[in-house]
Amino acid sequence: MRLFRCGVAVACSAAIVACGLGSSPAQGLRFQPPTGWQSSPGILGFMQFWRTPDEREALILFKSPKPITANDVFANDRMKDTLQGIQIEQRHAIQICGGQPATYVRGRGSSRKRGDEDVEMVITTVNGTSYFALYRRPFGARPTFAAQAALRELCPKP
């Protein structure tokens with residue numbers, strides 16, 4: 001019976017990988033999280049996060065099969081839990097990847113678990129698929145340059 005369960009587990013794992021359910025939303029992008037940050041597995045190919053070993057900072061990448069805008073992100077009821085209490089300090093159009101249009105949002109949020117945090121986000125659409133990257137860190141903490149750079153690497157690989 002134990003061997004059977006192991007075989008079923010291996011088969012299910014292979015099926016998940018084969019179907020892309022464990023794939024990273026960063027696949028096909030130049031997106032590069034900071035070296036040494038711990039990665040979650042890709043979640044159904046639509047979400048993945050990376051955290052510092054002390055979990056004080058995080059980089060989260062979302063992939064939407066349909067185009068979305070910053071307005072869509074902030075109006076989505078499911079995102080209200082993630083972005084609860086965020087105060088937008090900056091929001092403007094930017095260009096990434098040599099001219100690709102994107103929206104940059106910077107704000108400050110708060111949670112009971114982590115306290116006040118600085119949050120930076122970039123939203124863009126590549127070939128009809130939208131990507132939303134979010135970087136959070138403790139309020140007033142020096143940003144990790146590689147995490148900030150990753151926000152602007154939502155670009156297709158050449």
Side-chain angles (χ1 to χ4, degrees), residues 6-84 86 90-107 109 111 114 117-138 141 143-158:
C6 289
V8 170
V10 169
C12 287
S13 295
I16 287 171
V17 171
C19 292
L21 298 178
S23 65
S24 171
Q27 189 173 348
L29 297 178
R30 291 189 291 178
F31 183 82
Q32 184 63 47
T35 303
W37 285 31
Q38 299 166 345
S39 171
S40 74
I43 301 168
L44 302 175
F46 295 107
M47 185 186 126
Q48 189 169 7
F49 61 88
W50 295 262
R51 295 184 295 210
T52 55
D54 63 6
E55 297 186 8
R56 289 174 39 99
E57 297 177 70
L59 184 62
I60 306 167
L61 177 62
F62 299 92
K63 176 182 176 182
S64 172
K66 64 177 192 157
I68 60 171
T69 66
N71 289 339
D72 296 329
V73 170
F74 291 109
N76 185 327
D77 287 336
R78 284 179 269 158
M79 290 305 290
K80 287 180 183 171
D81 292 335
T82 304
L83 303 173
Q84 191 172 25
I86 192 166
Q90 289 183 24
R91 178 177 169 175
H92 55 273
I94 61 171
Q95 291 188 350
I96 59 175
C97 317
Q100 179 179 311
T103 301
Y104 172 82
V105 179
R106 188 172 145 267
S111 73
R114 294 183 298 269
E117 296 184 297
D118 284 320
V119 179
E120 294 180 68
M121 298 164 260
V122 172
I123 303 162
T124 191
T125 299
V126 177
N127 300 323
T129 300
S130 288
Y131 294 90
F132 168 61
L134 179 145
Y135 169 46
R136 68 162 180 78
R137 64 184 178 277
T144 299
F145 176 74
Q148 287 181 312
L151 294 177
R152 289 170 172 78
E153 294 171 342
L154 300 174
C155 320
K157 287 183 178 175

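Taking Asp54 as the reference, Thr52 meet the side chain to side chain donor-acceptor pair (under 3.5 Å) condition, with sequence neighbours excluded. Partners of Glu120 by side chain to side chain donor-acceptor pair (under 3.5 Å), not counting sequence neighbours, listed by chain and number: Tyr104, Arg137, Gln148. With sequence neighbours excluded, the residues that form a ring-ring contact (aromatic ring centres under 6.0 Å, His included) with Phe31 are Trp50. For Arg106, the side chain to side chain donor-acceptor pair (under 3.5 Å) partners at least two apart in sequence or on another chain are Glu89. A search for side chain to side chain contact (heavy atoms under 4.5 Å, CB included) contacts involving Ala147 returns Pro34, Trp37, Tyr135, Thr144, not counting sequence neighbours. Applying the side chain to side chain donor-acceptor pair (under 3.5 Å) criterion to Thr125, with sequence neighbours excluded, gives Ser130.
To the nearest 0.5 Å, atom CZ of residue Arg51 and atom OG of residue Ser39 are 10.0 Å apart. Atom CG in Leu151 sits 9.5 Å away from atom CD1 in Ile96 (nearest 0.5 Å). The CZ atom of Arg136 sits 8.5 Å away from the CD atom of Glu57 when rounded to the nearest 0.5 Å. Atom-to-atom distance recorded for Leu154:CG and Phe62:CZ is 12.5 Å, nearest 0.5 angstrom. Once rounded to the nearest 0.5 Å, the distance linking OG of Ser24 with NZ of Lys63 reads 9.0 Å.
Within a 6.0 Å radius of CD in Gln38, more than 12 heavy atoms belonging to other residues, nucleotides or ligands are found.
Residue pairs meeting the salt bridge (Lys or Arg N to Asp or Glu O under 4.0 Å) criterion with at least one member in residues 33-46: none, sequence neighbours excluded. Among pairs with a residue in residues 23-34, none fulfils salt bridge (Lys or Arg N to Asp or Glu O under 4.0 Å), at least two apart in sequence or across chains.
Under a 3.5 Å cut-off, the side chain of Glu153 and the backbone N or O of Gln32 do form a donor-acceptor pair.
Between Leu29 and Tyr131 the shortest side-chain heavy-atom distance falls below 4.5 Å. Looking at heavy atoms from C-beta onward, Leu134 lies in side-chain contact with Val119 at the 4.5 angstrom threshold.
Closest non-hydrogen pair, Ile68 versus Ile123, comes out as O-CG2, 4.1 Å. Considering all non-hydrogen atoms of both residues, Pro67 and Gly128 come closest at CD-O, 3.5 Å.
Partner of Thr124 under the side-chain hydrogen bond (donor to acceptor under 3.5 Å, both in side chains) criterion, out of Gln100, Gln95, Arg152: Gln100 alone. Exactly one of Ile60, Ile43, Thr129, Leu61 qualifies for a side chain to side chain contact (heavy atoms under 4.5 Å, CB included) with Pro25. That residue is Leu61.
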